[in-house]
Structure formats: C-alpha cells, structure tokens
Q: 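Have a look at this one.
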Amino acid sequence: MMIVMKAAATEEEIQSVIGRIEAAGARAHPSRGEEVTVIGAIGDIEHIARLDLEGAPGVDHAVPILKPYKLASNQLRGGERTVVEVEGRLIGGDHFSLIAGPCTVESRDQLLSTARIVRDAGASLLRGGAYKPRTSPYAFQGLGQEGLRLLAEAKAETGLPIVTELMDARDLEPILEVADVIQVGARNMQNYPLLAEIGRSGRTTLLKRGLSATLEELLMAAEYILKEGNPNVLLCERGIRTFETAYRYTLDLTAVPVLKELSHLPVIVDPSHAAGRRDLVTPLSLAAAAAGADGIIVEVHPDPEQAICDGPQALYADRFADYVELVEQAAAVAGKALSAVR
Ligand code: PEP
Ligand code: MN
C-alpha cells in the first residue's frame, strides 16, 4: 500500500501515519518529495487495509499495490499460467478448447446426435444445461435430473467430458456425479454462498461474467472459489449490457487480453449468448480466438428451428465442422492449437 500525504501534511501527521503502520506489524518506507511525502507500507495487506489510513489526518489517498483478488491475480506468480486438465483435455496455455453442445438438454436423440457431431469435429467438451436460468418463470426450466442422466449417457458414448450449469447449491450432489466442469451462469456470478460451495467441491468451474460486472468483480467472484482450495477456475466472457440495442449483448473482447494480463486463469469466450444471433457467432468466435482466448463455449443444435431455447443463436450441427476449421485457423494466429485428448 502506498499512502500519499497531502502537500500540507505536517511532520507530526507523517510520523503518526508511520507509527500506525508500524503498530500494525508492517514496515513504513517514507519518501519525501518536493511536493508531497509518500509512505510505502510493506506487510500483511489485510492488516494495512484495516488501518483505514484514507481518512487519517494529513493523508490524501492510499493506493493498494496488490490486487484484492490475490489468488486469481497474476501478480505473485512470476508469469506462470494455470492450465486446467479435464479428463485428459488441457485448457489454457497453448491449448485452445472448444466446448460445444445445445443450450439445453431436450431429448436423448437431440443430445446424443449433437454430441457425436461436435466430438467428430474436434470439440473437447460437451455443454448442455439440465437446470436453466430463464428470464421467465413460465419458460422451460430444463429437464433436471433426467437431463443429467442423458448427459451421463452422452459422456459414456462419446467420451466427451460434460459442462453443465449449477444454479442451486441443493443440486450440487447430483451435478457432481455428472459434471466434469460446473458452469456458473452470468446471473449467479455474485451468488457468493454458491461459489464457496463449488469451491469446496474442488470441481473445475466455468465462471461466467455477470451482465453488468466489471472485470474486478469477476475476479473477486473467482476468488471465492479459489479461496476454498479449488484452483481450477475458467473465466468466461459472455457479453455485457451496454447502451447498444442493435444486438443482444456487447461481447467485450477487450476483456480477453486484459483478463490475461490481470490473471493467470484461462479465459473462455461465449459468442452465442452475447450475440443471440447465429450469423454473428462465427465472426465473434474468430475474433475471440485471434484475441488470445483459451477456448470458446458455443451452442450447437441439430435442428435449431425446433430448439426449445436459444435456437436463433445455435449453430447448425451439420455445419459445425466448417466452423471448427475456421476457428482453428484464428486460434493459430494467437499461437494456440486445438486441444486434443492426451
Ligand atoms: C448458458 O450458457 O446456458 C447460459 C444461460 O448462459 P449465461 O449464464 O451466460 O446467460
Ligand atoms: Mn443458451
């Protein structure tokens, strides 16, 4: 923490700040400039933060040196990046992961046919919601337990690990039986008890950015999971709300390099929920891959016109292989290769 004193601060006020820092068990390093004195406080960040020096006499402001999300932060890792392994698939580093599948599990046929197609085209994980966060309480809420059973069957048949959403901590146990990656939806990004529960489970988590969350809020949410001893967190940019109304959400691709600068955690992009429209999904995916994303989570359906939810944004399953080829080229621009099974 750097404490910047006011230009008019007296020697007494400077000494009082130094005294409070030292009393908290930290070291104080004053440097006296021509205009102002700046005091560096070195030591336990929590102790120093609790000193509440912002309001102290003679203090202008305090600048934290360490990020508040210390586990998610890149600061103390010497450039080392997290590479998450899910059933032999590597996510992060030089690997580019494609997570593909339907928005929601609708039927055995729909899920299995999609799973086979995306696996053959090079996807490394299968997505599909059994519990769906819907804006309307009257809309289809997912197949629940039956959806989980079908996901387990799709995994058994295709070998693809499963990504599925947990909305309610009461469903954690059955979800843990099926999910290789637990998805936390945008609307639950700040559901802190849910994040802590998932953290304690130790299961790899795909944490989606809230609709109006800053990157710091996203990283603080990740911190809730990491703090419980679960290091396997994937950050996901899925579009945020802006003043623009021409499309559903604004896919914040600036977040990709910035998150990678701030954090060591892999960054996944969801172009489907950002766009809400199929024709935007390919260009946004290419841009995300070229920007250095560690992977994409994308919705695919064998018959989008008949989909129960998010049909307009689902890629046609029978054209998915062409899409993968394009995305693979864009990922190569950023130095990444499609993640293969080890
Ligand atoms: C989803 O991926 O199924 C979903 C509902 O996404 P989001 O939480 O980003 O809206
Ligand atoms: Mn969806």
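Basis for what follows: all heavy atoms, side chains included, without hydrogens, waters or symmetry-related copies. Sequence positions, counted from 1, serve as the residue numbers for this chain. Model, not experiment: these values are computed from the prediction. Both counts, for ligands and for their atoms, begin at 1 and track the order of listing.
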Q: Near Gly185, which atoms of ligand 1 are under 4.0 Å from a heavy atom of that residue?
A: 8 (O)
Q: What protein heavy atom sits nearest atom 4 (C) of ligand 1, and how far off is it?
A: His273 NE2, 3.5 Å
Q: Salt bridge or not between Asp180 and Arg89? Use side-chain N to carboxylate O under 4.0 Å.
A: no
Q: What protein heavy atom is closest to atom 9 (O) of ligand 1, reported as residue, atom name and distance in Å?
A: Arg238 NE, 2.6 Å
Q: State the CD-CZ distance between Glu11 and Arg32, to the nearest 0.5 angstrom.
A: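 Nearest 0.5 Å value for the CD-CZ distance: 4.0 Å.
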Q: Does Ser272 approach ligand 1 within less than 4.0 angstrom via side chain, backbone, both or neither, non-hydrogen atoms only?
A: neither
Q: Within less than 2.8 Å of the Mn ion (ligand 2), any N, O or S from Cys103?
A: yes
Q: May I ask you to check whether Glu165 has an N/O atom sitting below 3.5 Å from an N/O atom of ligand 1?
A: no
Q: For the backbone of Asn191 and the side chain of Asn188, can you confirm whether one donor and one acceptor N or O come within less than 3.5 Å of each other?
A: no
Q: Looking at Arg187, which atoms of ligand 1 are within less than 4.0 Å of one of its heavy atoms?
A: 7 (P), 8 (O), 10 (O)
Q: Take Glu197 and Leu166 through the side-chain contact (heavy atoms from CB on, under 4.5 Å) test and state the conclusion after the steps.
A: CA-CA 11 Å; Glu197 199 68 48; Leu166 174 69; over 6 Å; no
Q: When rounded to the nearest 0.5 angstrom, what distance separates CD in Gln15 from CZ in Arg20?
A: 14.0 Å
Q: Quick check on contacts: which atoms of ligand 1 are under 4.0 angstrom from a heavy atom of Gln183?
A: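 Every atom of ligand 1 under 4.0 Å from some heavy atom of Gln183: 1 (C), 2 (O), 3 (O), 4 (C).
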Q: Whether Lys6 and Glu13 form a salt bridge (side-chain N of Lys/Arg under 4.0 Å from carboxylate O of Asp/Glu) is what I want to check.
A: no
Q: With the Mn ion (ligand 2) at the center, what angle do OD2 from Asp310 and OE2 from Glu299 span, rounded to 10 degrees?
A: 130°
Q: What's the shortest distance from atom 5 (C) of ligand 1 to any protein heavy atom, and which residue and atom give it?
A: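 Here the closest protein heavy atom is Pro133 CG, 3.7 Å.
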Q: Taking the side chain as every heavy atom from C-beta outward, state whether Arg116 and Thr158 have any pair of such atoms under 4.5 Å apart.
A: yes
Q: For a quick check under 3.5 Å, do Tyr316 and Glu305 share a side-chain donor-acceptor pair by atom type?
A: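 Distance-only check passes for Tyr316 and Glu305.
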Q: Decide whether the shortest distance between a heavy atom of Gly129 and an atom of ligand 1 is less than 4.0 Å.
A: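 Checking ligand 1 against Gly129, which is what was asked, there is no heavy-atom contact under 4.0 Å.
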Q: Would you call Lys132 a ligand 1 contact, heavy-atom distance under 4.0 Å?
A: yes
Q: Decide yes or no for Leu66 and Leu76: does some side-chain heavy atom of the first lie under 4.5 Å from some side-chain heavy atom of the second?
A: yes
Q: Does any N or O of ligand 1 fall below 3.5 Å from an N or O anywhere on Ala186, backbone included?
A: yes
Q: Considering non-hydrogen atoms of the protein only, which is the closest contact for atom 6 (O) of ligand 1, and what is the distance?
A: Lys208 NZ, 2.9 Å
Q: Can you find a heavy atom in the side chain of Met5 that is under 4.5 Å from one in the side chain of Val59?
A: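 SC-SC contact between Met5 and Val59 confirmed.
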Q: Should you measure from each heavy atom of Arg127, which atoms of ligand 1 turn up under 4.0 Å away?
A: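 Those of ligand 1 that fall under 4.0 Å from Arg127 are 1 (C), 2 (O), 3 (O).
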